[in-house]
Number of protein chains: 2
Amino acid sequence: MITKKTKYAFKALIHLAGTPSGHPVLIADLAESENIPKKFLEFILLSLRKGGLLNSRVGKGGGYSLALPADKISVGSIIRILEGDFAPVQCLSTTNRTRCEECKDEETCGIRLTMADVHAVLTTTLGNLTLADMIERSEQARKKLRNVVDYCI
Amino acid sequence: MITKKTKYAFKALIHLAGTPSGHPVLIADLAESENIPKKFLEFILLSLRKGGLLNSRVGKGGGYSLALPADKISVGSIIRILEGDFAPVQCLSTTNRTRCEECKDEETCGIRLTMADVHAVLTTTLGNLTLADMIERSEQARKKLRNVVDYCI
DNA sequence: TTAACGTCTATAAAGTCTATAGACTAACCC
DNA sequence: GGGTTAGTCTATAGACTTTATAGACGTTAA
């Protein structure tokens with residue numbers, strides 16, 4: 001289950017993707033329009049910037065904007081920045097890899113060997129989905145709904 | 001990331017799968033041989049029993065045993081019993097489905113629409129992997145290691 | 001009827017997630 | 001260069017979840 005922090009990040013990124021580039025968005029504006037606690041959002045945006053997904057400009061006329069086009073920002077990279085990783089078990093993590101404390105033999109651990117499959121599938125799926133997909137799917141759903149409404153009228 | 005509770009469950013189930021059927025295993029023995037806090041394990045085994053994966057017998061000569069053959073126990077069902085679900089977002093949960101608090105429009109939510117893919121992939125993967133797979137992979141890894149060792153000698 | 005064994009409720013300890021406060025630094029504009 | 005705008009950073013508090021323990025109770029076999 002992804003955390004609220006990550007969901008806030010998705011919302012913020014989707015919002016930023018929808019604003020013309022070169023027009024940085026203020027934390028305060030983003031917080032208000034997406035209903036995210038401002039101070040919490042500050043921290044989230046900072047993480048995303050450090051992760052290379054956002055650019056920021058300090059001072060008047062400053063704010064945040066995407067560092068990459070939306071179709072180059074994978075859902076996986078967003079999750080990795082905010083949750084650290086999405087490995088099902090610690091010993092499979094690519095970023096924080098450590099032993100699973102109490103796993104006697106990592107090499108023959110059935111849990112690990114099985115979860116490796118899950119991890120691989122997740123990595124592929126989350127790596128292929130992008131911010132642009134998120135936006136596109138949302139728009140298509142909106143369009144579909146509108147058509148249904150039109151049809152009803 | 002699966003919790004310790006679920007990992008303990010995997011270990012316990014693997015252990016139970018390795019004992020001849022009709023021979024119930026004591027919580028205390030299981031706790032000791034798998035290095036799991038006994039009282040915590042009690043609760044885990046109880047959950048697994050209520051989830052239909054284990055049989056138990058109370059009283060002298062009692063204990064726990066698998067309620068199904070190992071190849072009929074999916075990894076997904078184990079996780080579902082202990083973690084409630086593996087949906088990436090609340091609104092996609094099959095067991096505890098509720099709105100995502102603050103999601104204005106579920107039907108056009110890009111996060112939900114995208115995560116639905118992830119959920120589907122996870123459901124398939126975790127549904128196809130079984131306790132028997134876990135055991136088999138562990139054994140194969142052990143065999144492989146032994147061969148390498150033999151070869152070295 | 002007694003010893004073996006699982007069941008259940010309550011609760012404590014530790015860790016993580018969510019949120020907030022406030023001081024600080026950088027950039028812009030006059 | 002001084003005021004204003006805006007992001008940066010550190011610390012910390014509250015709520016919730018995970019992990020673990022204690023103890024009383026119910027059930028079964030011999």
Does [X] reach a base, just sugar-phosphate, or nothing at all? Heavy atoms under 4.0 Å.
X       : answer
A:Lys38 : nothing
B:Ile27 : sugar-phosphate
A:Leu45 : nothing

Value in whole Å for how far the [atom2] atom of [N] lies from [atom1] of [X]:
X        : N      : atom1 : atom2 : value
A:Leu16  : D:dG7  : CG    : C1'   : 14 Å
A:Asn55  : D:dG7  : CG    : C1'   : 13 Å
B:Phe43  : C:dC8  : CZ    : C1'   : 11 Å
B:Glu101 : D:dC16 : CD    : C1'   : 13 Å
A:Arg49  : C:dA26 : CZ    : C1'   : 12 Å
B:Leu48  : C:dG6  : CG    : C1'   : 14 Å
A:Glu83  : C:dT18 : CD    : C1'   : 13 Å
A:Leu26  : C:dA27 : CG    : P     : 17 Å

Quiz prompt | Over 12 non-hydrogen atoms of neighbours within 6.0 angstrom of CD in B:Glu107 | solution = no
Quiz item: Should we say atom CD of A:Glu106 is surrounded by more than 12 heavy atoms from elsewhere, each under 6.0 Å from it?
Solution: yes
Check whether any side-chain N or O of [X] sits under 4.0 Å from OP1 or OP2 of [N], and answer yes or no.
X       : N      : value
B:Lys4  : D:dA20 : yes
A:Thr3  : C:dT16 : no
B:Ser56 : C:dT7  : yes
B:Lys39 : D:dA24 : no
A:Tyr8  : C:dA19 : yes
B:Lys7  : D:dT19 : no

Quiz item: Taking it one step at a time, do A:Asp105 and A:Thr108 satisfy side chain to side chain donor-acceptor pair (under 3.5 Å)?
Solution: CA-CA 6 Å; A:Asp105 185 4; A:Thr108 62; 3.0 Å; yes
Exercise. For A:Pro37 and for A:Arg57, find the nucleotide of DNA chain C with the closest heavy atom, then tell me which residue's nucleotide is more 5'.
Key: A:Pro37
Quiz item: Can a donor-acceptor pair be found between the side chains of A:Thr95 and A:Asp85 at a distance below 3.5 Å?
Solution: yes
Quiz item: Should B:Val121 and A:Leu122 count as side-chain neighbours, where that means a heavy-atom distance under 4.5 Å?
Solution: no
Self-check item: Presence of donor-acceptor pair under 3.5 Å, side chain of B:Lys60 and base of C:dG6
Solution: no
Exercise. When you get a sec, tell me which of D:dG26, C:dA19, D:dT8 is the closest nucleotide to the side chain of A:Phe40?
Key: C:dA19
Quiz item: Which of these, A:Ile135, A:Leu45, A:Val75, A:Leu66, sits in a side chain to side chain contact (heavy atoms under 4.5 Å, CB included) with A:Leu13?
Solution: A:Leu66
Quiz item: Starting at the 5' end of DNA chain D, which residue's closest nucleotide do you reach first, B:Glu42 or B:Gly61?
Solution: B:Glu42
